[in-house]
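Structure record follows, encoded as structure tokens.
Labels below follow one simple rule: chain letters A, B, ... track the order of the sequence lines, proteins then strands, and each chain is numbered from 1. Computed from a predicted model, the values in this text were never measured in an experiment. As a basis for the values below, the full set of heavy atoms in this structure was taken, side chains included, without hydrogen atoms, waters or symmetry mates.
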Amino acid sequence: MLAKIYITLKKDVLDPQGSVIANSLKSLGFNNIEDVRQGKFIEVKLNTENKETANKQLNEMCEKLLANLVIEDYKVEID
Amino acid sequence: MTNHNWQFQTERSLVENHGLKLDEFEKIVEGLGREPNLTELGIFSAMWNEHCSYKSSKFWLKKLPTSGDRVVQGPGENAGVIDIDDGDVAVFKMESHNHPSFLEPYQGAATGVGGILRDVFTMGARPVANLNALRFGEPNHPKTKHLLSGVVSGIGGYGNCIGVPTVGGEVNFHPSYNGNILVNAMTVGIAKKDKIFYSAAAGIGNPVVYVGSKTGRDGIHGATMASAEFDEDSEDKKPTVQVGDPFTEKLLLEACLELMKEEAIIAIQDMGAAGLTSSSIEMASKGDVGLEIDLSKVPMRAQNMSAYELMLSESQERMLMVLDPSKEEMARDIFKKWDLEFEVIGKVTDTKRLILMMNDKEEASIPINILVEDAPEYQRDYIVEEPSPIKEYKSEDFDQNNILKDLNTMIMHPDLSSRKWIWEQYDHMVMADTVVRPGSDAAVVRVHGTNKGLAMSTDCSPVYCKHNPYEGGKHAVVETWRNIIASGALPIAITDCMNFGNPEKPEIMGQFVECIRGMGDACSKLNYPVVSGNVSLYNETNGEGIYPTPAIGGVGLIKDLSNVKTLSLKNEGNLLCVVGKSNNHLGNSKYMTIVHNKEDGGTPEIDLDEELKNGHFVLELINKQLVESSHDVGEGGILIAVAEMCIAGNLGITIDEDKEFSHRFYFGEDQSRYLLEIRPENFDQLKQLSESNNVVFEKLGVVDQAIIKINNLNEIKVSELRNNFESGVGNI
Amino acid sequence: MKSHVIVFPGSNCDRDVAVAIKNISGHQPQMVWHKESSINQSDLIVVPGGFSYGDYLRCGAMASTSPIMQDVVKKAKEGVPVLGICNGFQILIESGLLDGALMRNSSLSFICRDILIKPKNQSSVFTKKTQVAKMPIAHNEGNFFVTSEQLKKIQDNDQIAFQYCDENGNVSEHSNPNGSLENIAGILNENKNVLGMMPHPERAAELAHGCEDGKTIFESILN
């Protein structure tokens with residue numbers, strides 16, 4: 001089973017990369033940009049068919065290692 | 001505080017959550033003539049906390065010597081300033097970022113570097129070097145590896161990006177830091193003496209300008225958010241760890257320095273801890289004026305920010321300044337060029353009050369003097385504990401055949417091993433003025449475009465301080481002094497970063513008092529004053545304080561860079577000599593703590609007359625070009641120092657056949673000593689000079705191929721030592 | 001002799017390279033702000049090291065979209081020598097002037113230390129005076145990669161400028177600091193008038209640096 005994990009900075013945490021990307025896109029002529037936030041995308045292949053177990057495990061992975069909960073949020077998607 | 005009858009409308013828990021004692025709250029009410037509103041309470045809380053007010057430490061800090069021939073600005077401004085001739089000055093300071101670095105090591109350390117850089121360029125100086133002083137828990141503690149690698153990449157991440165070389169530092173490991181690491185960052189900058197910028201606001205009506213990044217809800221203290229004023233999802237809204245943006249800081253640095261070339265800035269202050277609150281109050285207080293600020297004009301990153309949040313946010317990469325109104329447009333253009341925020345948010349007034357407006361509503365009105373002059377100051381109770389007794393060890397206590405084996409064990413221990421794994425992650429060469437790179441006694445950075453340089457070093461031995469805070473305080477100061485001398489420079493002044501436990505405990509306060517006394521005595525004797533500093537108290541976990549850690553950063557001047565000395569041995573056939581008296585002090589030495597796992601036996605005592613005499617003697621020899629390489633004898637003692645010189649120069653030494661030394665000599669940590677490599681033909685002249693200066697000067701051995709031979713029986717290859725030396729820290 | 005150094009927000013080796021050029025050629029290079037749209041007649045354009053735009057998104061990606069880079073590309077195609085150092089190398093790749101990509105160092109950490117390089121192409125305007133040379137690297141993303149077809153192309157066309165090597169000039173895995181394919185430290189474009197390199201010759205350009213090997217590259221192009 002393939003799981004997709006999105007890790008982003010929490011809503012009000014400063015995202016220096018995001019704002020610089022936004023400015024660069026604006027200077028390339030994309031004028032209607034309001035805001036850009038960037039993050040990490042991680043794919044995890046799991047050797048299980050049980051969605052519930054997988055979900056639990058993936059959440060645990062995020063909390064123990066993949067995300068830093070002090071500044072980041074995460075979202076898990078299972079295909 | 002338990003016996004007070006609570007007679008105020010403000011909730012008692014709200015006051016307590018703001019870290020204010022009840023009698024402090026009474027003082028606020030008395031000063032204002034009414035109870036403060038929430039915004040005002042937040043402002044008092046920020047200004048009167050330990051970090052901003054120095055309320056526990058001020059009384060003692062005043063005892064440190066802070067003046068001298070070369071001191072242009074002592075403590076009290078953003079950073080200290082010393083004269084380095086030719087109209088140039090060096091501007092420097094060290095500051096702690098301990099707690100944030102424990103929570104989020106990368107960002108905590110990065111923003112620590114960002115903050116101290118701002119302190120220095122606020123004064124008009126271009127930062128030319130970063131250093132640091134780091135303490136972690138035991139090497140095998142489960143958190144240590146993660147914290148070490150996070151802190152190191154955070155320091156590098158910020159310094160490398162902004163383009164200021166990280167040229168030196170110190171790291172050690174001790175269980176007392178298992179739950180409370182220390183991250184102290186130091187920046188050194190260079191400016192022109194007639195172009196130093198200060199924080200005193202002046203000129204009634206002049207614009208108060210906000211520049212840099214936007215303000216978000218960064219670092220607003222958790223406890224102060226507990227009030228009902230905030231909605232339920234405020235948990236998401238209050239990231240307590242700030243994210244550093246070195247790119248914006250680089251732009252801010254260049255924009256500020258560009259503007260500083262013009263006669264436009266009347267006062268400038270960076271927004272560090274307690275952001276807009278401390279910067280605005282600092283400027284008003286120093287200038288004895290008032291400020292009126294319209295908070296709705298503050299550039300905001302988040303929506304619906306309250307006055308309270310705007311005043312207490314610790315968003316990074318921001319500055320506040322008072323401008324000459326005729327230069328406002330020119331200044332705006334400069335900041336626009338660098339893509340930075342530039343907003344006039346208020347004006348200087350003659351009210352001597354801080355008045356905050358938001359959407360035409362008055363959010364705060366506080367007389368500046370109650371916030372600053374009337375801030376609480378405590379003379380906390382203290383107990384000076386008896387120093388650990390000094391233990392005499394005998395030669396027979398240790399098997400001489402093990403000396404080289406023990407050397408090997410010690411040199412691979414994380415406390416003594418090479419820090420290369422760390423400093424290779426720092427760009428230590430950007431700006432192309434690094435003359436002595438990390439790994440020697442002091443780093444040396446050339447003053448750009450000249451042939452003079454600054455030598456700098458950070459140091460402290462917490463174990464020494466714990467067992468004898470007075471001698472430990474002296475030691476931290478003289479260790480940096482010695483490092484600077486060994487590099488060929490004249491030590492000028494220091495900055496200090498005082499990291500201690502809870503000052504409300506008399507024994508912790510006693511450590512503080514004694515460390516200060518030791519530091520003060522050393523500074524006075526060596527004519528090596530304190531020009532800036534920072535205090536970090538309450539470094540505790542589970543009620544257990546850290547070891548007293550007065551980290552010192554010293555700066556010296558070398559007038560001719562051709563006189564720079566490093567520790568690497570230069571040529572076979574040269575002699576290696578010891579300056580200073582060896583008294584065989586093994587107590588609390590690295591030999592005892594690493595090889596025997598014993599932390600006792602007392603702290604070595606320092607004779608400051610001896611220190612001064614030996615240091616001046618070494619400097620005189622270096623200036624007379626009689627020294628090939630030099631190294632101070634520090635932690636680990638003579639044999640560790642010898643090994644470091646051999647490894648750096650890829651040469652060895654044969655210690656004189658007629659001498660048979662014991663562990664006490666090889667690993668003893670007696671103070672005020674140096675190792676000098678000299679040419680054999682100069683020996684007699686040096687011996688004579690030492691006698692006329694009344695300095696102990698002894699030949700130790702002859703520089704040889706890359707093998708260390710001692711006591712006529714044992715030897716070890718330098719290549720083997722190097723492998724072990726370089727394996728330490730990276731393998732934690 | 002007219003030279004130009006491009007300055008991006010976040011460049012931090014612009015001054016260092018200007019000092020080296022001044023010391024070696026006697027001429028002060030002109031600093032060109034990235035928002036400008038063209039460069040006057042030039043004998044050398046340098047894209048210096050640093051962290052343009054904070055290295056956010058991808059090193060060099062955003063700098064390559066700057067107004068001035070269009071003119072740098074144009075000048076390069078006209079044959080003007082262009083030298084990109086470190087972040088400048090990354091920018092030249094992102095601008096399409098050079099082949100390949102620079103990935104994160106194989107050690108996954110920033111590396112600042114002296115390394116040795118030797119020229120593979122020994123005839124270009126940049127490399128003709130250099131032998132085994134010591135100079136520092138200071139980067140997080142210097143791990144050079146190209147596809148095997150591209151590698152063959154740059155090999156056949158003699159576009160490999162420098163390779164990491166040991167004291168004796170041997171190109172070995174041991175002397176590779178960052179995992180670069182074929183130990184590549186610098187490459188040229190097809191016409192050999194554009195060089196991108198990770199090591200910093202401007203930091204090994206006078207006695208105070210402890211090594212002057214980097215001078216040879218500037219001497220070769222400036223004289």
### Query
When rounded to the nearest 0.5 angstrom, what is the spacing between CG in D427(B) and CD1 in I137(C)?
10.5 Å
### Distance in Å, L207(C) CG paired with S562(B) OG, rounded so as to fall on 0.5 Å steps
11.0 Å
Interface moiety of [X] toward chain C, non-hydrogen atoms closer than 4.5 Å:
X	answer
K420(B)	neither
I162(B)	backbone
L561(B)	neither
T248(B)	neither

Could you check which of [options] has the highest count of heavy-atom pairs closer than 4.5 Å to chain B?
options	result
R203(C), H200(C), K35(C)	R203(C)
S109(C), P9(C), A208(C)	P9(C)
E206(C), R15(C), R113(C)	R15(C)

### Query
Which class fits the ring pair W33(C) and W338(B): parallel under 30°, tilted 30 to 60°, perpendicular over 60°?
perpendicular
Can you tell me if [X] has over 12 outside heavy atoms packed within less than 6.0 Å of its [atom1]?
X	atom1	result
Q28(C)	CD	yes
E173(C)	CD	no
K570(B)	NZ	yes
K128(C)	NZ	yes
K75(C)	NZ	yes
Q70(C)	CD	no
K452(B)	NZ	yes

### Summary
If one checks every heavy atom of Y53(C) against chain B at 4.5 Å, the contacting part turns out to be both
### Query
Using non-hydrogen atoms only, which part of S107(C) is less than 4.5 Å away from chain B: side chain, backbone, both, or neither?
neither
### Query
Can you tell if the side chain of H139(C) reaches within under 4.5 Å of the side chain of N160(B), non-hydrogen atoms only?
no
### Message
Please evaluate residues E254(B) and V7(C) with respect to the criterion side-chain contact (heavy atoms from CB on, under 4.5 Å), reporting the C-alpha separation (whole Å), side-chain torsions for both, the decisive distance (0.1 Å), and the verdict.
### Response
CA-CA 12 Å; E254(B) 297 303 335; V7(C) 185; over 6 Å; no
### Task
Could you check which of K250(B), E424(B), Q425(B) has the highest count of heavy-atom pairs closer than 4.5 Å to chain C?
E424(B)
### Task
Indicate the atoms forming the closest heavy-atom contact of Y56(C) with P246(B), along with that distance.
OH-CD, 3.7 Å
### Message
For a quick test of reading the model, state the closest non-hydrogen atom pair linking C112(C) to M429(B) and the distance between them.
### Response
SG-CE, 3.6 Å
### Query
Hey, does the side chain of N12(C) reach the backbone of C161(B) with a donor-acceptor pair shorter than 3.5 angstrom?
yes
### Query
Which is it for V430(B) and D16(C) under the side-chain contact (heavy atoms from CB on, under 4.5 Å) test, yes or no, and what are the steps along the way?
CA-CA 8 Å; V430(B) 62; D16(C) 307 353; 4.3 Å; yes
